[in-house]
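For reference, the structure discussed in these notes is given below.
All values reported here derive from a predicted model rather than from experimental measurement. Only this structure's heavy atoms are used, side chains among them; waters, hydrogens and symmetry mates stay out.
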Amino acid sequence: MPGHAPGARSGPSAIEDYALIGDLLTAGLVARDGSIDWLCLPRFDSPACFAALLGDEDNGRWRVAPAEAGAVARRRYRDDTLILETEWETPSGRALVTDLMPPRGEDAPCVVRIVEGLSGIVDMRMELRLRFDYGRVLPWMRHKDGQLTGIAGPDAVWLGTPVRLTAHGTSHRAAFRVTPGERVPFVLVWRPSHLPAPDPVDAFDALAATDTYWRLWLRRLTYDGPYRDAVARSLITLKALTYEPTGGIVAAPTTSLPEELGGVRNWDYRYCWLRDAGMALEALLRSGFTAEADAWRGWLARALAGRPEDAQIMYGIAGERRLTEWEADWLPGYEGSRPVRIGNAAAAQRQLDVPGEVMETIHLSIGCGLRPRRHLVDLQTVLLDHLEQAWTLPDQGLWEMRGTPRHYTHSKVMCWVAFDRAVRLAEGHDRPGPVEHWRRIRDRIHREVCERAFDPDRGTFTQSYGSRELDAALLQIPQTGFLPPDDPRVVGTVEAVRRELLVDGLVARYSAGGPDSPDGLTGGEGAFLACSFWLADALLSIGREDEARALYERLLDLRNDVGLLAEEYDPRARRQLGNFPQAFTHVPLIRVAYELDRHAPHARRGHPEAPPDPGEG
């Protein structure tokens with residue numbers, strides 16, 4: 001795959017040109033031209049020290065690439081690991097750049113870059129532009145104890161390498177040459193500025209340990225079907241988005257990558273959404289990763305501790321509740337997409353699908369044999385007591401609409417899920433509770449949704465009560481068990497989504513930016529990749545396997561050269577859009593692979609071992 005001439009760009013690459021490296025504390029994005037354009041240290045949600053992704057090189061980046069013009073790059077991950085290998089071919093020879101972040105617990109996080117000569121002679125160039133606080137703060141740089149250190153406020157970064165580093169304005173550079181077999185390491189370590197220099201990290205020991213870590217981790221993978229590589233890469237990505245000390249899984253490691261180039265739909269996704277819990281838990285359990293599933297469930301239990309009426313839709317990676325949204329107005333945004341948002345105001349919204357997601361998580365984990373977590377079990381009754389009063393209210397819906405609250409159909413269906421799973425837990429696992437009362441509420445919700453959210457003229461459920469708009473979230477109705485897949489109302493909804501929400505064969509979430517759009521925002525967005533996977537799943541559930549497989553394989557073709565997907569895709573410009581890589585996209589990729597391969601019985605979401613449940617009504 002073609003590379004870039006050194007120094008050919010100052011702004012960010014296309015979103016699909018990035019690869020992910022990470023250490024289970026944070027993650028960085030490496031462009032195809034060898035530049036790390038995004039890295040937050042020491043955590044996913046820390047201020048970035050490389051923020052060229054949302055601006056240009058002056059906002060911070062770290063590039064290692066050939067000095068010669070005409071160099072061509074080809075990238076890959078080393079087998080089943082998160083070690084990125086970029087092979088450069090130049091007129092004078094070939095060189096390999098290996099990028100990784102070794103998992104080191106809560107020790108000082110670091111980035112290791114190793115340049116190795118493969119053939120001929122290759123002249124290389126390294127340029128470090130360190131900028132703390134999202135590209136705003138220029139650190140004090142100095143040489144100390146054989147390393148280059150940059151310090152500003154609470155942050156300090158140490159760069160160790162055997163090659164000579166020289167200052168050029170506000171950057172530091174190195175020019176060096178590699179011949180066959182010669183290896184030149186660079187190790188960049190973060191530490192709080194008030195502490196002494198970190199212990200040296202041997203780049204080659206770190207490479208060997210990182211390789212061993214990922215290979216051993218993936219040995220537990222149970223899937224061995226035709227989509228094995230895609231499933232493995234998605235699971236590695238999901239693991240890389242996990243903050244290991246707490247078990248929380250971030251939606252993405254980035255903020256403000258736009259859903260429309262130049263638009264305002266730019267959000268901070270470096271947090272943990274409750275609705276992702278059930279979906280991620282299913283993917284992990286199905287694939288043999290019970291320890292990760294239990295850690296994620298543990299994060300959920302701690303985050304939800306407290307009064308149910310105080311529960312939020314998302315939390316920080318350690319369970320933080322205050323995710324105040326503000327704008328980094330000194331950053332021009334990705335390709336001019338402003339504002340650049342830090343924090344997420346949607347944390348304060350009422351989204352009534354979330355209790356259903358929590359109950360689904362409890363039900364799934366107990367049904368799959370995980371040790372019951374006392375707090376989550378105790379939470380069930382008080383959560384349902386609160387939902388009994390709240391389910392009749394309008395909310396902001398799954399898509400976190402910033403317009404006027406409505407009675408969203410998907411939210412009501414998930415309220416039904418909450419009471420339905422409580423009934424099933426009581427009946428199937430001897431859990432205490434007012435089962436008959438829960439059953440009456442469940443049935444009332446079911447009747448209301450079927451009466452108020454279904455359009456008999458068009459044969460489809462609609463986005464909200466009284467609306468004619470559609471919503472791709474309705475594709476999840478058969479997965480939840482609310483109605484059986486062969487119910488005419490389900491089939492009609494799938495057909496309506498295909499008629500009205502397809503963009504070049506991919507699925508839009510809803511009609512964004514139109515006069516009746518409930519999101520309260522201007523502009524549009526790309527096709528939503530998770531929804532497109534949901535359509536493949538729905539098609540499979542109604543017996544259209546060939547169509548489902550064709551759509552699934554088309555979606556796999558949209559992955560970049562190292563197997564990663566963002567939140568959305570622009571079919572016209574043929575570009576990925578939105579925060580990257582996106583857990584909410586890779587999780588349904590895993591599910592549909594299992595469903596297509598028949599490695600697990602054809603099941604609704606949350607019950608990989610159980611037959612489909614037709615629900616009621």
Side-chain angles (χ1 to χ4, degrees), residues 259 265 273 275-276 279 313 346 349-354 356-357 391 393-417 445-446 448-480 482-483 485 487 489-503 505-521 524-539 541-542 551 567-569 578 584-585 588 605:
E259 298 171 12
R265 298 168 184 267
W273 269 253
R275 73 168 49 88
D276 295 1
M279 300 177 187
I313 65 159
Q349 288 185 352
R350 177 169 62 233
Q351 297 176 21
L352 292 174
D353 65 305
V354 169
E357 300 289 357
W391 79 265
L393 301 174
D395 74 327
Q396 308 302 141
L398 168 71
W399 306 124
E400 299 170 0
M401 305 297 193
R402 298 203 173 193
T404 303
R406 298 186 180 187
H407 292 281
Y408 287 101
T409 304
H410 174 265
S411 296
K412 305 300 186 188
V413 169
M414 293 308 298
C415 290
W416 176 91
V417 167
I445 297 172
H446 198 282
E448 180 175 296
V449 170
C450 291
E451 291 169 2
R452 300 186 62 188
F454 186 73
D455 182 345
D457 294 333
R458 295 154 67 207
T460 181
F461 285 98
T462 59
Q463 184 180 57
S464 60
Y465 291 176
S467 169
R468 288 186 57 82
E469 297 290 326
L470 290 183
D471 191 322
L474 303 171
L475 294 168
Q476 294 194 299
I477 287 176
Q479 292 183 23
T480 65
F482 183 85
L483 288 172
D487 188 289
R489 292 166 290 186
V490 169
V491 176
T493 299
V494 174
E495 291 292 356
V497 167
R498 294 182 72 194
R499 284 194 310 269
E500 300 183 30
L501 291 183
L502 286 194
V503 182
L506 303 177
V507 182
R509 291 188 293 179
Y510 53 90
S511 299
D516 297 323
S517 177
D519 59 23
L521 299 167
E525 61 182 26
F528 205 80
L529 292 172
C531 297
S532 300
F533 282 111
W534 294 349
L535 177 58
D537 200 357
L539 288 169
S541 74
I542 64 175
L551 175 56
E567 182 180 30
E568 299 183 6
Y569 185 78
F584 203 56
T585 303
R605 186 174 61 116

(request) With rounding to the nearest 0.5 Å, note down the distance linking CG in L352 to NE2 in H407. (result) 9.5 Å
(message) When you compare the side chain of L475 with that of D537, does any pair of heavy atoms fall below 4.5 Å?
(response) no
(message) I need the minimum non-hydrogen distance between W534 and A472, along with the two atoms involved.
(response) CE3-O, 3.7 Å
(message) Would the distance check show the side chain of H446 and the main-chain N or O of F482 forming a donor-acceptor pair, the cut-off being under 3.5 Å?
(response) yes
(request) Identify the heavy atoms of G397 and S411 that sit nearest to each other, and give their distance. (result) CA-OG, 3.7 Å
(request) List for me each residue that meets ring-ring contact (aromatic ring centres under 6.0 Å, His included) alongside W391, sequence neighbours excluded, and say none if there are none. (result) none
(message) My understanding is that only one of Y510, W399, Y408 makes a side-chain hydrogen bond (donor to acceptor under 3.5 Å, both in side chains) with D471; could you say which?
(response) W399
(message) Looking at every heavy atom in both L474 and Q463, which two are closest together, and how far apart are they?
(response) CD1-N, 4.3 Å
(message) To the nearest 0.5 Å, what is the distance between CG on L535 and CG on L501?
(response) 10.0 Å
(message) Show the nearest heavy-atom pair for residues D276 and F584, with the distance to one decimal.
(response) OD1-CD1, 3.5 Å
(message) Test side-chain contact (heavy atoms from CB on, under 4.5 Å) on F528 and V507; report intermediate values, then the result.
(response) CA-CA 6 Å; F528 205 80; V507 182; over 6 Å; no
(message) Using modelled atom types and a 3.5 Å cut-off, is there a donor and acceptor pairing between side-chain atoms of Q396 and backbone atoms of R406?
(response) no
(request) Determine, step by step, whether I477 and D487 satisfy the side-chain contact (heavy atoms from CB on, under 4.5 Å) criterion, reporting the C-alpha distance in whole Å, the side-chain angles of both residues, the deciding distance to 0.1 Å, and the verdict. (result) CA-CA 11 Å; I477 287 176; D487 188 289; over 6 Å; no
(message) I'd like to know if the side chain of T462 reaches the main chain of S467, judged simply by a donor and an acceptor atom lying under 3.5 Å from each other, with no hydrogens or angles considered.
(response) yes
(message) Please enumerate all residues that pass side-chain hydrogen bond (donor to acceptor under 3.5 Å, both in side chains) together with S464, with sequence neighbours excluded.
(response) none
(request) Only counting residues at least two apart or in another chain, list the ones meeting side-chain hydrogen bond (donor to acceptor under 3.5 Å, both in side chains) with D353. (result) R275
(message) Under a 3.5 Å distance rule, please check whether R458 uses its side chain to pair with a backbone N or O of R468 as donor and acceptor.
(response) yes
(request) Using atom types as modelled and distance alone, determine if a side-chain donor or acceptor of E357 lies under 3.5 Å from a backbone N or O of M279. (result) no
(message) Quick check: do E568 and R265 have side-chain heavy atoms less than 4.5 Å from each other?
(response) no
(message) Applying side-chain contact (heavy atoms from CB on, under 4.5 Å) to L398 and M414, what does each step give before you reach the verdict?
(response) CA-CA 10 Å; L398 168 71; M414 293 308 298; over 6 Å; no
(request) Please tell me if the side chains of Y465 and V449 come closer than 4.5 Å, counting only heavy atoms from C-beta onward. (result) yes
(request) Quick one: closest heavy-atom pair of P485 and I542, and the distance? (result) O-CG2, 3.3 Å
(message) I'd like to check the ring-ring contact (aromatic ring centres under 6.0 Å, His included) partners of Y569; sequence neighbours left out, ordered by chain and number.
(response) none
(request) Report the residues that fulfil side chain to side chain contact (heavy atoms under 4.5 Å, CB included) with R499, sequence neighbours left out, ordered by chain and then residue number. (result) E495, A496
(message) Please report the interatomic distance CZ(F461) to NE2(H410), rounded to the nearest 0.5 Å.
(response) 13.0 Å
(message) Please find the pair of heavy atoms, one from I313 and one from E400, that lie closest to each other, and give the distance.
(response) CD1-OE2, 3.4 Å
(request) Measure the OG1-CZ distance between T409 and R452 for me, rounded to the nearest 0.5 Å. (result) 10.0 Å
(message) Pairing donors with acceptors under 3.5 angstrom, does anything connect the side chains of Q351 and W273?
(response) no
(request) List for me each residue that meets salt bridge (charged side-chain N to carboxylate O under 4.0 Å, His left out) alongside E567, sequence neighbours excluded, and say none if there are none. (result) none
